[in-house]
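Shown next, in structure tokens, is the structure this report addresses.
Quick note: numbers below take in every heavy atom, side chains included, and nothing from hydrogens, waters or symmetry partners.
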Amino acid sequence: PSSGNGIQVWDVEKGEMRRRLVAPASPWHLAYDRAESRLFATSSSDEVTVIDLDDGDRTRTLRPTEDIEGRGYSIALARDGTRVAAGFRTHVVIWDVGSGRELHNLPISGRSLCFSANGDFLLCGTLRQTCVVVDVATGERLASMSPGIVPGAIAVSHDGRQALLAGGGDYALQVWNLPRAAWGRP
């Protein structure tokens, strides 16, 4: 959980707070990279802060190369930890984690995000009640779906063939078959 401008890191087994991290202004969403022991945080600004969990230091701040509107609505980290995506009111930005280089700045509102298991595509739930499938390598839109809700949460099956969406006033769950183009490369 976060509190004010800090993020609390807890030892779940012991039920004790291990550390309070200094975080960006009011962190909104977090992504955890267990392999590298780091945390990615969106906030009320248009940036992503990378925090080393071993020492609590901010290691990097990722900023879009062009001005975008609004706070970070969502964040997703590719399973292999090489790419991170942040969703904002008017854009979704994908960065290479190692270099900090922006790969794509897409004019898609990013209410919710999820990488496929193999990291080949990113599913973006938008404020316009659509879901857009993006090829991570090229930034190309592969497909679009209209679930009739603003997807507040998204998950993609391990094989990339289905998406689970939750949203709307009752947060009803929807299961969608994704287009073949979104299944990823063999």
Side-chain angles (χ1 to χ4, degrees), residues 2 5-7 9 19-126 131-143 153-156 158 160 163 178 181-186:
S2 69
N5 285 350
I7 297 172
V9 179
R19 169 177 304 177
R20 178 186 285 282
L21 304 172
V22 175
S26 300
W28 288 89
H29 298 278
L30 305 171
Y32 173 53
D33 182 355
R34 183 177 182 171
E36 297 295 326
S37 188
R38 59 187 168 190
L39 193 66
F40 297 79
T42 62
S43 67
S44 55
S45 68
D46 64 351
E47 61 189 32
V48 173
T49 301
V50 185
I51 303 167
D52 183 315
L53 291 175
D54 293 331
D55 60 19
D57 289 341
R58 294 183 198 193
T59 60
R60 176 176 284 159
T61 301
L62 304 172
R63 291 184 180 87
T65 55
E66 63 183 64
D67 286 337
I68 59 174
E69 181 184 333
R71 65 178 173 88
Y73 280 121
S74 57
I75 191 162
L77 180 66
R79 182 179 285 178
D80 64 5
T82 61
R83 289 171 308 284
V84 65
F88 302 94
R89 180 179 173 87
T90 59
H91 285 76
V92 170
V93 183
I94 304 170
W95 288 273
D96 175 85
V97 172
S99 67
R101 185 174 62 89
E102 181 180 297
L103 301 175
H104 304 290
N105 191 322
L106 309 166
I108 303 168
S109 66
R111 177 63 183 95
S112 54
L113 302 171
C114 185
F115 280 97
S116 62
N118 62 8
D120 286 346
F121 74 88
L122 180 71
L123 186 59
C124 308
T126 77
C131 288
V132 178
V133 181
V134 175
D135 183 305
V136 173
T138 65
E140 177 186 356
R141 292 180 189 211
L142 299 176
I154 291 181
V156 177
H158 67 71
L178 293 173
W183 291 359
R185 297 167 192 84

Inset, instruction - Please confirm whether the backbone N or O of G160 pairs with a side-chain atom of S116, one donor and one acceptor, at under 3.5 Å? - result: no
Legend entry - Set of residues satisfying side chain to side chain donor-acceptor pair (under 3.5 Å) with respect to E36, sequence neighbours excluded: none
Legend entry - CG on L30 to OG1 on T42, rounded to 0.5 Å: 7.0 Å
Inset, instruction - Flag the pair F121 / V134 as yes when at least one side-chain heavy-atom distance between them is below 4.5 Å, and no otherwise. - result: no
Legend entry - Check: V50 and D33 side chains under 4.5 Å, non-hydrogen atoms: no
Inset, instruction - Go through the structure and list residues passing side chain to side chain donor-acceptor pair (under 3.5 Å) with D52, not counting sequence neighbours. - result: none
Legend entry - Main-chain N/O of V136 paired to H104 side chain as donor or acceptor, under 3.5 Å: yes
Legend entry - Side chains of V93 and F88 in contact at under 4.5 Å (non-hydrogen atoms): yes
Inset, instruction - Tell me, please, which residues at least two apart from N105 pass side chain to side chain donor-acceptor pair (under 3.5 Å). - result: none
Using a 3.5 Å cut-off and no angle test, enumerate the donor-acceptor pairs between side-chain atoms of residues 77-84 and protein atoms at least two apart in sequence or in another chain.
unit_1, atom_1, unit_2, atom_2, d
D80, OD1, T82, N, 3.0
D80, OD1, T82, OG1, 2.7
D80, OD2, T82, OG1, 3.3
R83, NH2, G119, O, 3.0

Inset, instruction - Show your reasoning for whether side chain to side chain contact (heavy atoms under 4.5 Å, CB included) applies to F40 and V97. - result: CA-CA 10 Å; F40 297 79; V97 172; 3.9 Å; yes
Inset, instruction - Just jot down the side chain to side chain contact (heavy atoms under 4.5 Å, CB included) partners of S74, sequence neighbours excluded, or say none. - result: L113
Legend entry - T61 and E47 side chains, donor-acceptor separation under 3.5 Å: no
Legend entry - Side-chain donor/acceptor of E140 to backbone N/O of D135, under 3.5 Å: no
Legend entry - Spacing of R89 atom CZ and R111 atom CZ [to the nearest 0.5 Å]: 12.0 Å
Inset, instruction - Sequence neighbours left out, what passes side chain to side chain contact (heavy atoms under 4.5 Å, CB included) with S99? Give chain and number order. - result: D96, R101
Inset, instruction - Output the distance between atom OH (Y73) and atom OG1 (T126), rounded to the nearest 0.5 Å. - result: 11.5 Å
Inset, instruction - For A117 and H158, work out which heavy atoms get closest and say how close. - result: CB-O, 3.3 Å
Inset, instruction - Calculate, to the nearest 0.5 Å, the distance between atoms SG and CG belonging to C114 and L123 respectively. - result: 7.0 Å
Legend entry - Minimum heavy-atom distance between A41 and I75, given as atom pair plus value: N-CD1, 4.2 Å
Inset, instruction - Considering non-hydrogen atoms only, spot the tightest contact between G100 and W95 and give its length. - result: O-CD1, 3.5 Å
Legend entry - Atom pair CG (L103) and OG1 (T138), whose distance is rounded to the nearest 0.5 Å: 11.0 Å
Legend entry - Test side chain to side chain contact (heavy atoms under 4.5 Å, CB included) applied to I94 and L122, step by step: CA-CA 9 Å; I94 304 170; L122 180 71; 4.0 Å; yes
Inset, instruction - Find out whether I108 and R141 are in side-chain contact, i.e. whether some heavy atom of one side chain is under 4.5 Å from a heavy atom of the other. - result: yes
Legend entry - Sequence-distant partners of R60, salt bridge (charged side-chain N to carboxylate O under 4.0 Å, His left out), two or more places apart: none
Legend entry - Close side-chain approach of I7 and I51, heavy atoms under 4.5 Å: yes
Inset, instruction - List for me each residue that meets side chain to side chain donor-acceptor pair (under 3.5 Å) alongside D54, sequence neighbours excluded, and say none if there are none. - result: S37
